[in-house]
Protein chains: 2
Amino acid sequence: MSLRYGLLGLLAEGPASGYDLARRFQEVLGRIWPAQHPKIYAELRRLADDGLIEVDSEGPRRRTAYRITESGVAEIRRWLAEGDVDHTMRLQPLLRSLFFWLMEPDDLDRHLRREVEFYSGMAEQYSAYAERKDRGEFGTAPPVQSMRVTIEAAVRLSQALADWARWASEHQPPAGHPSTE
Amino acid sequence: MSLRYGLLGLLAEGPASGYDLARRFQEVLGRIWPAQHPKIYAELRRLADDGLIEVDSEGPRRRTAYRITESGVAEIRRWLAEGDVDHTMRLQPLLRSLFFWLMEPDDLDRHLRREVEFYSGMAEQYSAYAERKDRGEFGTAPPVQSMRVTIEAAVRLSQALADWARWASEHQPPAGHPSTE
DNA sequence: AAGCGCATGTAAAGGGTTACATGATTGC
DNA sequence: GCAATCATGTAACCCTTTACATGCGCTT
């Protein structure tokens with residue numbers, strides 16, 4: 001159900017085609033809410049059937065841009081204000097960590113180093129993006145401000161996971177250095 | 001695919017029935033990797049068909065406990081060492097935050113306060129659990145140590161999200177107090 | 001004219017949730 | 001005997017991903 005509202009929300013910023021939306025989902029939302037184009041096109045049609053969006057313009061190569069309708073705006077506002085928040089995380093790295101005890105110390109070490117690298121890199125990327133926003137490179141329109149907030153969460157979460165992975169590797173009995181117990 | 005390995009990993013700790021596993025998924029993994037019993041029973045049968053687990057014992061009320069086989073242990077070890085890590089997050093609260101600009105300031109305020117409360121509570125719950133582990137209430141067996149690591153991640157993530165929600169409400173133009181601009 | 005990127009779609013399969021259903025055992 | 005809990009399962013549905021497919025328009 002969330003993709004539906006993701007699309008509505010993006011369209012609330014202005015008209016866009018399925019292709020545009022797919023790109024934005026990939027670029028901005030890739031790690032937060034992945035969505036592939038088949039799902040996007042299908043959902044757009046359902047949104048149009050329900051009268052929440054309508055065709056805005058048609059361009060070359062069958063390009064079809066949609067714009068949000070009044071009831072569409074009402075619907076996403078309703079969702080934001082009344083809809084239940086889903087707090088599910090479903091983080092595979094955490095599921096894996098439950099089974100660290102099954103891993104060879106060397107493999108675990110390697111795994112954790114990679115995780116630190118991955119999440120540090122992610123944190124840096126998002127930080128850089130946040131800085132550009134803060135320098136006003138994208139303007140100060142409301143949608144940009146909200147995106148700044150989202151990016152802040154991404155920064156904090158990847159930072160937290162990087163720190164955690166570092167903590168975990170220190171917390172493990174170091175490989176090749178059996179405890180002096 | 002991850003549920004498969006989740007089940008294998010839990011069975012690596014010792015024999016358990018589908019019912020046991022469903023409870024453990026709910027209690028421990030509820031927020032990290034939710035799984036409902038129909039999926040669990042189905043997956044258990046597939047694991048048995050593939051020879052990765054086998055029936056350990058049968059009890060009252062058709063209870064069937066499974067134990068992991070040697071190839072099952074090999075398979076989860078292989079996954080842990082070689083399988084690709086999926087770093088997808090898919091956090092609905094972050095998707096929502098992209099659209100904060102569409103919300104009435106009052107609704108947003110209320111939403112963020114609830115989020116702070118929710119994640120603080122979650123952080124506290126996990127912290128309490130971590131403390132009990134640290135006091136040795138659950139022993140010091142390897143699976144318990146790994147679980148301690150997982151819980152640490154849960155604590156840090158919920159803390160990060162609680163902090164973020166607090167930051168976000170301060171970052172928003174406060175409702176009813178228009179800026180002195 | 002060739003190749004790339006734009007732009008949309010279908011089909012199949014996989015993964016997960018919800019609703020429905022059933023029967024056995026335990027505790028009161 | 002009754003209610004609660006244990007324990008398993010089926011069916012339908014929804015959401016998502018992957019693979020396959022097609023054709024247009026722009027650039028070189």
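Just the heavy atoms: all of them, side chains too, but no hydrogens, waters or symmetry mates, feed the values below. In what follows, every chain begins at residue 1, and chains take the letters A, B, ... in the order their sequences are listed.
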Between [N] ([atom2]) and [X] ([atom1]): distance, integer Å:
X	N	atom1	atom2	value
W33(B)	dG16(C)	CH2	C1'	11 Å
Q36(A)	dA12(C)	CD	C1'	15 Å
I40(A)	dT10(C)	CD1	C1'	16 Å
F25(A)	dC15(D)	CZ	P	14 Å

(message) In terms of relative ring orientation, are F100(B) and H111(B) parallel, tilted or perpendicular, with 30° and 60° separating the classes?
(response) perpendicular

The helix from dA1(C)-dT28(D) to dC28(C)-dG1(D): angle between terminal helix axes, five bp per end, to the nearest 10 degrees, reads 20°

Practice item. Remember a base hit wins even if backbone is also touched, and classify R90(B) as base, sugar-phosphate or nothing at under 4.0 Å, heavy atoms. Key: sugar-phosphate

What residues 41-68 of chain B contributes to the DNA chain C interface at heavy-atom separation below 4.0 Å is P60(B), R61(B)

What residues 6-23 of chain A contributes to the DNA chain C interface at heavy-atom separation below 4.0 Å is S17(A), G18(A), Y19(A)

E58(B) meets the salt bridge (charged side-chain N to carboxylate O under 4.0 Å, His left out) criterion, sequence neighbours left out, with none

Sequence neighbours excluded, the answer for salt bridge (charged side-chain N to carboxylate O under 4.0 Å, His left out) partners of R148(A) is D134(A), E152(A)

Quick note, P38(A) side chain, CB onward, closest among dA19(C), dA19(D), dG16(C) is dA19(D)

Residue pairs meeting salt bridge (charged side-chain N to carboxylate O under 4.0 Å, His left out), one or both in residues 28-38 of chain B, sequence neighbours left out, come to none

In short, salt bridge (charged side-chain N to carboxylate O under 4.0 Å, His left out) pairs touching residues 14-26 of chain B with sequence neighbours left out are E13(B)-R24(B), D20(B)-R23(B), D20(B)-R63(B)

### Basic-acidic side-chain contact under 4.0 Å: D50(A), R46(A)
no

Sorted by chain and number, sequence neighbours left out, side chain to side chain contact (heavy atoms under 4.5 Å, CB included) with T88(A) holds for D86(A), R90(A), P34(B)

By side chain to side chain contact (heavy atoms under 4.5 Å, CB included), A48(A) pairs with (sequence neighbours left out) I53(A), Y66(A)

Apart from Y41(A) itself, its cluster of hydrophobic side chains linked below 4.5 Å comprises Y19(A)

Note to self: Counting only side-chain nitrogens and oxygens, does K39(A) get under 4.0 Å of the OP1 or OP2 atom of dC15(D)?
What the structure shows: no

Comparing L3(A) with H37(B), nearest DNA chain D nucleotide closer to 5' gives the residue H37(B)

side-chain hydrogen bond (donor to acceptor under 3.5 Å, both in side chains) filter on R67(A), not counting sequence neighbours, yields E54(A), D56(A)

The complete set of side chain to side chain donor-acceptor pair (under 3.5 Å) pairs with one or both residues in residues 114-131 of chain A, sequence neighbours excluded, reads E115(A)-H87(B)

